[in-house]
Structure formats: structure tokens, C-alpha cells
Protein chains: 2
Amino acid sequence: MVADMASKERSRGGMSEQRRHRVRLEISREAARLFWEQGVDATSGDQIAEAVGLSTRTIWRHFRSKESCAEPIVTQSVEWEMATLRGWPPHLSLEDHFAAESIRFAREASAMDQADTMLGVKMIRLSDTEPAIRTAWLMACDQVEREMTEIIAIRLGLKADDLEVRLHAAAASAALRVINEYIGAALLDGVDPREFADAPALIANAVRRATAGTVGDPVSADAEDQQE
Amino acid sequence: MVADMASKERSRGGMSEQRRHRVRLEISREAARLFWEQGVDATSGDQIAEAVGLSTRTIWRHFRSKESCAEPIVTQSVEWEMATLRGWPPHLSLEDHFAAESIRFAREASAMDQADTMLGVKMIRLSDTEPAIRTAWLMACDQVEREMTEIIAIRLGLKADDLEVRLHAAAASAALRVINEYIGAALLDGVDPREFADAPALIANAVRRATAGTVGDPVSADAEDQQE
DNA sequence: ATGACAGTGTCACTAAGTGACAGACAATGC
DNA sequence: GCATTGTCTGTCACTTAGTGACACTGTCAT
């Protein structure tokens, strides 16, 4: 029975998780496009459903509200940052790690990933004027903050609910958000992406300043173990 | 003076702004109470209308959505912080100014103000589990951030859209938010408010660290004039 | 084959929110 | 005094977001 469940998890359940994610992303893509082209209010659930080729009912099975249809595409646009933070090795500085990862991203990302990223940037811009979308963006930033909290806790060898850690995480992720908005807005205004080659340094310095120099530099391997 | 206000209250255009604000606050108070007592989903627009003694239609005239009914009470809970920031004299340190202002608040605030503040704290706690309310809270924090941007720009003698200023403002207000959540949660857990006598120092130090020491200390009177 | 199950469609339904119009009420003009 | 004007509010019909219940379809395990 255990093996049965395991195989089920792999074939059925596990698959369905991925599939669900894919369907949500597909819906989100169309929804984001429509939101961008004609505004949120002017876009109906029926329209989204038709664009993606599903029944309206099914849309509501995947999303609890119209605005939340934008979430996956927004979340995905910060996902690589979260992944990058998760994979931040103690012995590397933040700029070195971000620089390496963004090179890897530029090399490995598919055309669809790039298109999705642009859609995400558009949603972030939309969130300036559409409160409904701003929610999605702020929620995504909230996710980044939680991620950041974990990373900082480990890096400093403190608990994740420590006030110090929470303060650093909040400040650092707020800085990250501002840089995201800043670069995103510039990209939409047609600025050449090459202009932002120094983004890793920009981010690392902002994080360093936001955390009083506590976060950003390499830490010695055993620093993360000592709890005091 | 009071008579002046009262007469102005009756006069036409000028008053309607204040009156509108009062009505919204009254609605918000009842809505927040209901949200806290029975949850957001379980509270209908009709219920709010009945509780406040207005027709449902009028509720939707004042608020564009059910959740946004919580906004004024949430906003008000950070309003004194915004007012305090606005009135931060250049020659004072942040802790000194906050300490002075919070003493003044404790002395001058009416019973209803205090009750509203507690309601606001409850809404902030609610926003942990109710995404709809979290929006209101994050929006209020957004307001604080904008306020903070202005204050920091003036204090450092830079433009409000300067990236440096925006980074500092975001980090500082994020720190402020975390402390708000931290103290609010503690208060709801029954911790004695006297425990937080050191809040001004806590806030000032957090802001100072979040801004790499740039914001928090007194600035010389002419520092704010020089643009570079 | 057959049964279990997850995903989807259909349809009726509740609740959120809007538009249009009418009445209440105070301030203003004559 | 009385009509006028503008703002706020209530009533009611209406649209749209979102849910519940049930039937249908394809896939997998037995």
C-alpha cells in the first residue's frame, strides 16, 4: 500500500500537482494579457475562460477571485529571485551569487519564460493604478520577505521569528521590491536591459545597507551554527 | 472655534469632506467589529449596513468593496505615525520625537480613539489569515512608505523619486511595519502596554539600521537645503 | 470489463456591486 | 413665504463574481 501510494504520488497525484500549476499559469497568462490590454474591470471571468479555452466554472475552481488570476504570473516573475535566495551559498557574496544566477537565467530561460517575465513586469506596472493587482504584487513581495526571513535566519544563525531577523528581512525585501519596480518601470519605458548589468551590485548594496551590513557578505561556514 | 467648526460642518462643500470621512469611519468601525467577531466571509454587506443603520446601497456608495470597509480603521491606526513623521523637526532625533509624540497621544487621545486603535490592531492581526484584510494593511503601509519618502527626501536634501531615497523609505517603513505587527500581536496576547515604553528607541534604531544610519539622527538646519 | 477517482461542464443559486430614479433636507435666491 | 438647487440617501431592478450539486469523460488499478 505504501509503495502503491508512492507510485500514485509520482504518476497521479504528483503529476496532478504539476498539471494544476501549469493550468493555473496558462490561465494567468491569458488573464494578465487581457488585464493589460483592456484593464481589470473591463475583463470578465467569461472572457478569461474563453481566451484560455475552459469553462468559466473551471476558472473559479483554479482561482478564488478574478484578480488572483494575475498571481501566478506575478509570482513567477519573482520566483527566480526566491530560488536564487534559497540557493545562496554561505561563502559567496550576494552580488557574486546574483550575478552568476542572472547569467545562468539569461542563458537557460526559454522564450516563454522571458515572455512571462515581461507580462509580470507589466502586471507590476498595472498595480500602480489597479488596486486589485497591487494585492497580487504585494502578496508576492510578502512571499519574498518570508523566503528572505528563512535565509537570513540561517545565515545569521538565529531563529526565523527573532525580531532582529524579521526587521532585516523586511528591510531587505522592501529594498529588493523597490529595485524590482525601478528596473521594471525602466524596461517598460524602453531602456536597454544591458543598462542593468550592474543590477547584482545594486541589489547587494541595497540589501547590505538595509540590514546595516549584516546581510550580503560571505559568512564563514560555521557562523550559521552558533545560536547566540 | 468649536462653533465655527460646527457651522462649517453645516455649510456646503467644505464640510462634506469631513462628514464623508466621519461616515466612512463609522461604517468601518462596525465592519471591523463584525469582521473580527465572525470573520470576513461570514459578514455580509447587508449586515454591516444594518449594524451602522444605513441602507446597503449607501455602504457601496462609501466603499467600493466589502473588504475596503476595513481600510479607514486600519489607516487611522497608522495615522498618528504618519502625522508624527510629518511633524518630525530636523533638529530632533527620531526616538526623542517619537517619545514626545507618544506621550502626547496617550494624554490627548479620546476613549474612542483608543478603541479605534485596538480595532485597528485586531484588523492587522486578522490580516494574517484574511487576504482581503491584508490588502488594507499593506495599502496603509504603502501610505506610510510614501509619507516616509517625502520626509526622508527633505531630511537628506534629495528628490523624492531618487532611488536612494526610495530605498531608504521602503526599508524604513518596512521596519516600522514589522514593529507594528510585533507590538500589536503582543498587545493582543495580553502583554502590558508598559512593556513597550522603549518602543521609540526600538523604532528609531530599526529605522537607523534599515537606512544605514542615514535616517534617525538630527540633521543640521541647512543640511536639507543642499542638493548634492 | 469494472470500479475508483480526478477534472471538467452545466445549471441553478447567493452575494457583491451598479444604475436610475425619487424623496428628504438644508442652503440659497426671489 | 415659496420655489430652486445641490447633496445625501433609500428603493428596486439589474449585472457580474463566485459557489454547490450533479452529471459526464478519460485514466488508471484491479
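Chain identifiers are assigned alphabetically (A, B, ...) following the order of the sequence lines, protein sequences preceding nucleic acid strands; residue numbering begins at 1 within each chain.
Between B:E67 atom CD and C:dA16 atom P there is a gap of 10 Å when expressed in whole angstrom units. Atom CH2 in A:W60 sits roughly 16 Å away from atom C1' in C:dT8 (whole-Å rounding). Counting to the nearest Å, the C1' atom of C:dA15 and the CG atom of B:D46 are 9 Å from each other. Residue B:R64 contributes atom CZ, which lies 22 Å from atom P of C:dA15 at whole-angstrom precision. For the pair B:Q47 CD and C:dT14 C1', the computed distance is 15 Å after rounding to whole Å. Atom-to-atom, CG of B:D41 to P of D:dT19 comes out at 9 Å; the value is rounded to the nearest Å. Between A:F35 atom CZ and D:dA17 atom P the separation is 10 Å, expressed in whole Å. The nearest whole Å value for the distance from the CZ atom in B:F63 to the C1' atom in D:dC8 is 16 Å.
Contact annotation: A:S55 does not reach the phosphate of C:dT8 (side-chain N/O to OP1 or OP2, under 4.0 Å). In this model, the phosphate group of C:dT8 is approached by a side-chain N or O of A:H62 to a distance below 4.0 Å at OP1 or OP2.
Between B:R166 and B:D161, none of the side-chain N atoms (NZ, or NE/NH1/NH2) sits under 4.0 Å from a carboxylate O, so this pair counts as no salt bridge.
Which of C:dG9, D:dA17, C:dG17 sits closest to the side chain of A:K66 comes down to D:dA17. Of the listed nucleotides (D:dG10, C:dG9, D:dG18), C:dG9 has the atom at the smallest distance from the side chain of A:T58.
Within the nucleic acid shown, B:S65 comes within 4.0 Å of sugar-phosphate atoms alone, with no base atom in reach, counting heavy atoms only. Nucleic acid contact for B:R61: base, since at least one base atom lies under 4.0 Å from a heavy atom of the residue.
A distance-only check finds no donor-acceptor pair linking the side chain of B:K122 to the backbone of B:L188 [under 3.5 Å]. Side chain of B:H97 to backbone of B:T84: a donor-acceptor contact under 3.5 angstrom is found.
Smallest separation of non-hydrogen atoms from A:A136 and A:E71: CB-CG, 3.7 Å. Of all non-hydrogen atoms in B:Q47 and B:A42, the two that sit nearest each other are OE1-O, 3.4 Å.
Looking at A:R57, its side chain has no donor and acceptor atom pair within 3.5 Å of the base of C:dG7.
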